[in-house]
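Worksheet: one structure, shown below.
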Protein chains: 2
Amino acid sequence: MTRATMRVMTTPPSAEPSIAPSAEAAAGPVDVEPAPAKRRRSVTRERLLDAASRVFAQRGIEGATVEEICDRAGFTRGAFYSNFAHKNELVVALLDREEAALFERLGGVVESALGYPNPIEALSQLLFEIAPFGVDNHLLRSELSLLAVRDPELAASYLASQRTFRERFGPFLESGLAAAGLRLTVPAGDAIDTLEAVFEASMRASIVAGRGPNPADTLARRMLPVLLAAISRPAP
Amino acid sequence: MTRATMRVMTTPPSAEPSIAPSAEAAAGPVDVEPAPAKRRRSVTRERLLDAASRVFAQRGIEGATVEEICDRAGFTRGAFYSNFAHKNELVVALLDREEAALFERLGGVVESALGYPNPIEALSQLLFEIAPFGVDNHLLRSELSLLAVRDPELAASYLASQRTFRERFGPFLESGLAAAGLRLTVPAGDAIDTLEAVFEASMRASIVAGRGPNPADTLARRMLPVLLAAISRPAP
DNA sequence: GTTGTTCGATACATTAGCGTACTCAATACG
DNA sequence: CGTATTGAGTACGCTAATGTATCGAACAAC
């Protein structure tokens, strides 16, 4: 019952393999895997973020407790406060990470945009491949935007994220449409906001209604083609 | 410092006029004003609901404490728990009340629907008269839908409210369109959900961005005509 | 090997907010 | 008028969650 003993028991309870000295090539992801031990810290951070993502999805941001996040990550609160100052900092960090992940997917899928028969359908399909990249993120963003209404600090982060999202997604959308011989009839920002709004509503609706996260028919699935048609017209 | 003294001090601190015995015709609203004293209770309830509405708007549902609501209403928690079983019951009660209020407005505005020159613009205008009947309600519904994702009890109430909203608003929308020589091209439910989603997003966006609740140009203001056009076509 | 540093664990103090039980005052009713 | 009922205030206990201060062990460098 020395602390060493306890540590062995608590550290890798049900998560990734332990971070033993020479486990460099071991662990799952294809990540850069930096200096073997020097970066335990960043591994811990990642695991906390992973856990946070799950717990947030389940309980919501406000509903989530730091403790549960730590438990799920296989750490104690000590580890948490050694890595983040507050819960909010965690939220922001998670937001950043998910955003990066989104753009990665976006990059990976962009080439498949071209050369479809029906342009609107193709674009819809495309959006479906990147947008519902997890209900969790939608819920997260949704709740975040709500929290941002009151918390100025979160608002700043949220707005920043929102802006880069628009900046990167706008061109994507426009080039997608262009490839289909279409162009936007409304400001790109509005188009994106509208699409996002419907996606969010759609997600929430299907969850609240108890249907699985993405059954074949959702509001978004039905409305997306209509919306895309509404905000574009054949390019001159 | 008998309790009587304290009561005098705490009861009407900064709210509506006190509920003295013969103050029947006194108080503000044009309400039915039932039996003079028999219904103190319902007055208390109303005041708690009013306060709750304000506090929720400011702090959010989860962020609001029962205590603050009571303070603002000029009561103590004793009064609260004498009127509501839980915070959730309050939330549901408030939801019901706001819904009723919405339909009242909807009734009052429906006649002005007819006989406009530009049908789409007219409808947009109409929706703007009933929809942003207060940012607060949008935030409330927004947060509620989020809470409903996790809380089955709230989900039930939310879904019920959602359903009656759709049932009453659908015909309204359809007849509005019909009067303009248009008909829906998508299911009414989808149309409503989409409009609502954009309204919500629009509200949140302008609040988060720090602009006032309804400046002349919002996402909704810009997109509503486009959306309406997208979901309707000339009737045969 | 020894030493220094870093990271995470343990334990604690504190706060806040909820819900309940009990009490008193005022009103309604006979 | 006196009694019963109801509505609101007061006080209390309890739980959950946060953040902090301290401690020990592993790793890295020399």
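Numbered from 1 within each chain, the chains take letters A, B, ... in sequence-line order.
With C:dT20, D:dT18, C:dG8 as the choices, the nucleotide that has an atom nearest any side-chain atom of B:Tyr81 turns out to be C:dT20. With C:dA9, D:dT18, C:dG8 as the choices, the nucleotide that has an atom nearest any side-chain atom of A:Val66 turns out to be D:dT18. Comparing C:dG8, D:dA8, D:dT18 by their closest approach to the side chain of B:Asn83 singles out D:dA8. Side-chain proximity of B:Thr65 to C:dC18, D:dA8, C:dG8: nearest is C:dC18. If you check D:dA17, C:dC18, C:dT10 against the side chain of B:Arg77, the one that comes closest is C:dC18.
Of the listed residues (A:Glu67, A:Glu143, A:Glu68), just one forms a salt bridge (charged side-chain N to carboxylate O under 4.0 Å, His left out) with A:Arg59, and that residue is A:Glu68. Screening B:Glu196, B:Glu99, B:Glu200 for a salt bridge (charged side-chain N to carboxylate O under 4.0 Å, His left out) involving B:Arg141 leaves a single residue, B:Glu196.
Rounded to whole Å, atom C1' of D:dT6 lies 16 Å from atom CZ of B:Arg45. If you take CZ of A:Phe84 and P of C:dG8, they are 11 Å apart, rounded to a whole angstrom. Spacing between atom CD of B:Glu68 and atom P of C:dA16 amounts to 13 Å, rounded to whole angstrom units. Protein atom CD1 of B:Ile61 is 14 Å distant from nucleotide atom P of C:dC18, rounded to whole Å. We find that CD1 of B:Ile69 is positioned 15 Å from C1' of C:dG19, with the value rounded to whole Å. C:dA9 atom P lies 9 Å from atom CG of A:Leu48, rounded to whole Å. Atom CZ of B:Arg59 and atom C1' of C:dG17 are 14 Å apart (whole Å). When rounded to the nearest whole Å, the span between CZ of A:Phe80 and P of D:dA17 equals 14 Å.
Rounded to the nearest 0.5 angstrom, B:Phe169 CZ and B:Thr164 OG1 are separated by 12.5 Å.
OP1 or OP2 of D:dA8 lies within a sub-4.0 Å distance of a side-chain N or O belonging to B:Thr44.
For the pair B:Thr218/B:Met223, no side-chain contact is recorded, criterion being any heavy-atom separation below 4.5 Å from C-beta on.
With salt bridges taken as basic N to acidic carboxylate O contacts below 4.0 Å, one links B:Arg97 and B:Asp50.
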